[in-house]
Amino acid sequence: MDLSLTPEYEAFRQEVVRFIEDYRDQAPRGYPSKAWQKILIEHGYAARTIPRDYGGYGAEPDVLKSRIIAEEFTKAGLPGGLSNQGISMFVPTLLELGSEEQKKQWIEPTLKGDIVWCQGYSEPNSGSDLASLQTKAVVDGDDFVINGQKIWTSTAYEADMMFCLVRTEPDAPKHKGISYLLFSMDTPGIEVRPLKTMTGAASFNEVFFTDVRVPTTQIVGQRGEGWFVANATLKYERGMLGDPNQAGTRLNAIIKMMKEETMGGEKLMDNPLYRDRLVKLQSRVLAMQYHGLRLVTHQIKGEDPGLARLIVKLMGCELNHDLAGFAIDILGELGVLYHGSSYLRDNGMWQHRYMFDLGLIIGGGTAQIQKNIISERGLGMPREPKPATV
Amino acid sequence: MDLSLTPEYEAFRQEVVRFIEDYRDQAPRGYPSKAWQKILIEHGYAARTIPRDYGGYGAEPDVLKSRIIAEEFTKAGLPGGLSNQGISMFVPTLLELGSEEQKKQWIEPTLKGDIVWCQGYSEPNSGSDLASLQTKAVVDGDDFVINGQKIWTSTAYEADMMFCLVRTEPDAPKHKGISYLLFSMDTPGIEVRPLKTMTGAASFNEVFFTDVRVPTTQIVGQRGEGWFVANATLKYERGMLGDPNQAGTRLNAIIKMMKEETMGGEKLMDNPLYRDRLVKLQSRVLAMQYHGLRLVTHQIKGEDPGLARLIVKLMGCELNHDLAGFAIDILGELGVLYHGSSYLRDNGMWQHRYMFDLGLIIGGGTAQIQKNIISERGLGMPREPKPATV
Amino acid sequence: MEFGLSEEQRLLQASVSGFLEKASELDVVRKIAEGDQSARDVLQEGIDSLGLAGVMIPEDFGGLGMTLLDAALVEEMLGRYVTPQGFLSNQMAVAGLLASGTQEQKETWLPKIAEGSVQFGIGIAEQTGAREGAGLDEKDGKLTGRALFVTEADKASQFIVADRSGRLHLVIGDAGGLSRKKLSTIDVTRSVGELVFDSVAAEALLTENVAGAAAQKMLAVGRVLQAADTLGAAQRMIEKAVAYSLERKQFNRVIGSFQAVKHMCAEMAAELEPCRSLMWFAAHAYDAEPDQVALMAAHAKSHVAEVGKFVARTATEVHGGIGFTDVLGLHFWFKRIGLNRQMFGSPETARQDAARLQGWV
Amino acid sequence: MEFGLSEEQRLLQASVSGFLEKASELDVVRKIAEGDQSARDVLQEGIDSLGLAGVMIPEDFGGLGMTLLDAALVEEMLGRYVTPQGFLSNQMAVAGLLASGTQEQKETWLPKIAEGSVQFGIGIAEQTGAREGAGLDEKDGKLTGRALFVTEADKASQFIVADRSGRLHLVIGDAGGLSRKKLSTIDVTRSVGELVFDSVAAEALLTENVAGAAAQKMLAVGRVLQAADTLGAAQRMIEKAVAYSLERKQFNRVIGSFQAVKHMCAEMAAELEPCRSLMWFAAHAYDAEPDQVALMAAHAKSHVAEVGKFVARTATEVHGGIGFTDVLGLHFWFKRIGLNRQMFGSPETARQDAARLQGWV
């Protein structure tokens, strides 16, 4: 147990701090930009471990260095590199399973932000049971012809390209009939419709395909191997959910609020019931943060954390949701204000997050699916038996 | 909505009060006695609705009158009539499904307390799946010959007789191969062993059968109908669990304790965290008590309360358990004292109940079985599909 | 002894439900929420034609002379159909007028409420813990200050507001010096806002014995109705979750056949069912056991709010992704329950009230 | 940066576990609980031969010179095997002596603890809320009063107790005027009792800077070890529940194939796993970040107690009826977790401490 850094890493931290000092002026306000991304890649603060041949920085993977970069950028309030499903999910998948030609063609422009990707996985009838997806692609000459529908596609409007799962072998078992295709969002026959959520925002879309023609060469892996390819991608998504640092940030915001806000003239922090709930949540946040450090340590050592990894999404999302719920509770009537109302606190973040987090609990593998995974893969309990009659 | 009683019932209450005044001196201290039972039956305060032909009082069923009797006896601190599985479960079953001869033979001595019954249903391998029971009875001449084992038999040592489920038709489907037999606990080949529980007490027994011979006439219903007969009995058991009045009594004891006990010189009632938990529990107790009144009203009107009835065991047992857990919490270190220790509060009732109630949550249909029942019978959701392979 | 609804009460509830089933179907609610005034008028006319606004008003004043339990049964249906309605505010006004109004005030206002020609807004949020230093001071019959989270602030023709001492005042909606502002909340089916008073003429409700007693009575009525509203909304969410689980297939089975989903539904139903009896008794107490109403209302408020939160979340979860979208409009119920939880005192506040009322604090 | 156990720590834990697997199997625990002194002696000799009692004692004083985290890893295993042991009390004594003992006191007692020739009992329960008006007063080096819930009260050869001001005193077990009484608890694997002092000679631990600071440090050590004990016991209960669910058949299936049972086990594991990291850090803080140890110990104590309660109940439930009996002895773990929850301050008390330590009260 040693929470300090070796001199090598302390030196690296200084290097990051120096970079921030030098380049702070060029950083965009708010969201990342392409220009900023270019600077970051050049210095190894984005696309850090992607080989130089494909437009990355080409460093060895080092969890601790990545962590230091993230910490210093957060501390300085600087935006990191571009972050989208193309960079976080498609690029790693292609590195693992794409052909040399595909890597050459797609990775660099994706990293630079010249090509934005969206993901075409879920369908209205294939949620938890993703492998039952029904969007089909039949071969006609040199093309696949795609018909069907995707849902939960988060950047469909802005995206140039989609990586998409389609059923190409309808007679194969469900996991073996899927292929992983790449195509432009400008291809004729694609229609995007925004999907409004309970928060009031349309953070997702539905995408409809009518006779969409895609060259048969635009496939990653072989026909029928799409499920295998997609699982490589999903592995990367899972890591993004349930981040304990987000919980820490929220907790601090709540502490600040409780020291400032009053109810009936009494400071919220002086209410013993709210204080007790706060400490309860703080225990959970600390436990998840140290749990996160434990996972990083496993990663550094190249160990499989097993069960310890499997619980993160379930526990992390639930904790974030509970933090938002608590903030709403202590705000009383202020906690239901919304959408630019007077007296709205933190720009309505708590109300928004309380609902959005429920979406996160459901999305990316519902809480029920997570519990199945924990019991089956983490505890060695049997899978649900197949019903006798279908 | 009218919580008052009609003059007829007020008159009845006066009658009960008068009886109590007149007979108070003859009441036993502590547990009911046979002599007291006799007096009660004569006046209609025990075996009230059992026909006179079978040794009962022969009154029309009247939920409200039963309630008034219970209320006044509780108020006066007087013991009620004998209460055992023979009277509460076997007699009603026999009235519903026994032959005239069986009713004549067994009901009166059971009501008088001359015959004490125990129940032989559960087996070590047949808990939630009671119908899978394996104790078998094969016909040999005029007898059934029983071999096997029962568990959770609560008064096996004191009992004269057992009503027992055995498998008589091994080739029939599991629900159709069971018979309901009656036999003396003195029959050769019966061995009773006490079963110690987590509370430290042996409130239950195991009963072993080795070549126990029972005349084939000692059966209620036909061969293979035992499951049907047993379900009539179980119906009566279910009503006994999750009683909201017990929760009210416990809550009052806790309130008293919080007004009297101190921690670090501070009255427990002055601790806002304990007070908040107390009010939460009080809400639940009140809700269950009014829910109980609602069920009584349905019963008076002869209506099927449906879902409202199905939730009582789950919610009632959980509430009782939580009340005991809360009492332990507020007692701090005093809450783990046990078995005649100095400073023990309420004779260790809270510690005992906290564990015993967990047994009640598990017994008589586990919480999981209760949720299955609520969802299937209460909400119309499908039964668990049979697995494809056994 | 009868702890349950009378035949008349079942009929009342069935008739309100039958009416709202169509009149307040989701499309209508959406339209009204988006500001469609004609849709709102149609709904209002229907409700007025049932005479609902006068349910608690004595027959002498042109009402139906029924009880708070009857009003709660109506509100339960309004919650069930997430109906945009000022019913709750009007019932609180009735309670305030009956508790503390002069004969003249009652004669002036109660018949108007009964006939549906006025809509009251209620400003008593400061009684359960003022935020932002809000509060009203009365001097020489004029009110000055701010009242927050006033119901129907943008629509009401009249208000009853409490000043810092808890005393009630009747204020005309277009009184000079009064400015109103709507506050947007998550729940677009109800209306909440801010009133700013700059020496506004107000008429005190004066006959109460103890300062603040009438405001507490109004608060109790508000809490009971709120519990009823959440009960109706939560009941509907459970029904929707069960129905959806029997339609939706995953892994070649309806999801309602998975034990996890069944148990989520069973837990919701088991938690909610006793809430019904608790709410019934709290409402009944207003008319039959007035000493108990404040305590029972605090219990009903806090307990039903907690169960409602659990149901709102769990029913959404049973729906999976679609429950998170606007497609089925499930969030209208989720938010209705959410608003009820926060208004008229949080669950913790209500429990603190319950403890105080029992002499535990 | 390494947040995890070192190779040595894993070996330590494995060796303790390997030893206890046999030496503290359920039959042995039952025997000791029933008063079998020779069984207790055999176990104690084995533990002494591993040198465990000296784990936190500096090498200068004959100990292993390791950290609280090492001690916690040992205690985790003692919890895992519900081992009847005074290890926790001795470690608290070590912390008290190191924090506030004179050089002479350290030289006298630490080597004896390390070699296993003394057993300390700890009386600081009054620091987290006295019951029954208990408390000790010191006058001219003599203690008078009562100390409740003293660990190892019946067995210890020495005690460290806190007086009302929080100052620590060392008392010899057979000192004149001291009477001891065992208090039975639900947990027969540990020993708790009452000490009555009638002007008993005591030696103050005097070098602390702030009155009560050393007692607070001991309390923190006790809470961390308690969290470790509960962690070990709860982990074992989960393993037992999973194993039983894979054996036990109902409805022609192992019950571990039912989603309800799977999810109960998943929830237990998901709740408990982060507790491990929280406990690790709290223990680590004692040596590496002493300013934080009281706060982190309060968090570990309260959070692990809450999760432990959930696991104890749920694992029993997974076992069904047999879990409620004595047959598998599951209740030994249930009760061990139960005792840990109540000692050294309830979860609410520990959270109140956490709030206070952050200046929130």
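Chain identifiers are assigned alphabetically (A, B, ...) following the order of the sequence lines, protein sequences preceding nucleic acid strands; residue numbering begins at 1 within each chain.
In terms of heavy-atom pairs under 4.5 Å with chain D, the best-connected choice from Leu307(A), Thr6(A), Leu64(A), Val279(A) is Val279(A). Looking only at heavy-atom pairs under 4.5 Å with chain A, the residue among Glu289(D), Arg276(D), Glu348(D), Glu306(D) that has the most is Arg276(D). Ranked by heavy-atom pairs shorter than 4.5 Å toward chain D, the options Lys259(A), Met258(A), Gln368(A) are led by Gln368(A). Comparing Asp2(A), Ile374(A), Val296(A), Leu379(A) by heavy-atom pairs within less than 4.5 Å of chain D, the highest count is held by Asp2(A). When each of Val307(D), Ile238(D), Val242(D), Thr67(D) is checked for heavy-atom pairs under 4.5 Å with chain A, Val242(D) comes out on top. Interface remark: of the candidates Asp270(A), Asp276(A), Leu5(A), Leu314(A), Asp276(A) forms the most heavy-atom pairs closer than 4.5 Å to chain D.
Atom CE of Met296(D) and atom OH of Tyr290(A) lie 4.5 Å apart (nearest 0.5 Å). Atoms OG and NZ, on Ser302(D) and Lys280(A) in that order, are 9.5 Å from each other to the nearest 0.5 Å. A distance of 10.0 Å separates CG in Leu5(D) from OG1 in Thr297(A), rounded to the nearest 0.5 Å. One finds the CZ atom of Arg277(A) at 11.5 Å from the CZ atom of Arg351(D) (value rounded to the nearest 0.5 Å). The distance from atom CG of Leu3(A) to atom CZ of Phe3(D), rounded to the nearest 0.5 Å, is 6.5 Å. To the nearest 0.5 Å, atom NE2 of residue His263(D) and atom CD of residue Gln370(A) are 10.0 Å apart.
Contact annotation: the side chain of His303(D) never approaches that of Leu286(A) to less than 4.5 Å [non-hydrogen atoms, C-beta and beyond]. Counting only heavy atoms from C-beta outward, the side chains of His291(A) and Leu278(D) never approach each other to under 4.5 Å. Annotation: side chain of Ser245(D) is in contact with side chain of Met381(A) (closest heavy-atom distance under 4.5 Å).
Using a 4.5 Å cut-off between heavy atoms, Lys267(A) makes no contact with chain D at all. Residue Leu293(A) touches chain D through both its backbone and its side chain, counting heavy-atom pairs closer than 4.5 Å. Arg383(A) touches chain D through its backbone: at least one of N, CA, C or O sits under 4.5 Å from a heavy atom, while the side chain does not. At a 4.5 Å heavy-atom cutoff, the contact between Ile255(A) and chain D is made by side-chain atoms alone. Using a 4.5 Å cut-off between heavy atoms, Val304(D) makes no contact with chain A at all. Residue contact with chain A, scored on non-hydrogen atoms closer than 4.5 Å, is absent for Ala288(D). At a 4.5 Å heavy-atom cutoff, the contact between Leu278(A) and chain D is made by side-chain atoms alone. Heavy atoms of Glu239(D) lying under 4.5 Å from chain A are absent altogether.
Met1(A) and Gln9(D) get closest at one heavy-atom pair: N-OE1, 4.4 Å. Across Ala308(A) and Glu273(D), no two heavy atoms sit closer than the pair CA-CG, 4.0 Å. Closest approach of Leu246(D) and Gly380(A) over heavy atoms only: CD1-O, 4.0 Å. Taking each heavy atom of Pro274(D) and Ala287(A) in turn, the nearest pair found is O-CB, 3.6 Å. Of all non-hydrogen atoms in Ser283(A) and His299(D), the two that sit nearest each other are OG-ND1, 2.6 Å. Shortest non-hydrogen contact noted between Trp360(D) and Arg275(A) is O-CD, 3.6 Å.
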Which is it for Asn372(A) and Gln259(D) under the side-chain contact (heavy atoms from CB on, under 4.5 Å) test, yes or no, and what are the steps along the way? CA-CA 8 Å; Asn372(A) 284 351; Gln259(D) 208 179 19; 3.3 Å; yes

Apply the test side-chain contact (heavy atoms from CB on, under 4.5 Å) to residues Phe281(D) and Gln289(A): give CA-CA distance (whole Å), side-chain angles for both, the deciding distance (0.1 Å), then the verdict. CA-CA 10 Å; Phe281(D) 183 76; Gln289(A) 283 178 331; over 6 Å; no

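With hydrogens and angles left out, the side-chain atoms of Gln358(D) and Gln282(A) include a donor and acceptor closer than 3.5 Å.
Looking at Arg10(D) and Glu303(A), a side-chain N of the basic residue comes within less than 4.0 Å of a carboxylate O on the acidic one, giving a salt bridge.
Atom NZ of Lys301(A) has more than 12 heavy atoms from other residues, nucleotides or ligands within 6.0 Å.
Formation of a donor-acceptor pair under 3.5 Å by the Lys262(D) side chain with backbone atoms of Pro382(A) is found in this model.
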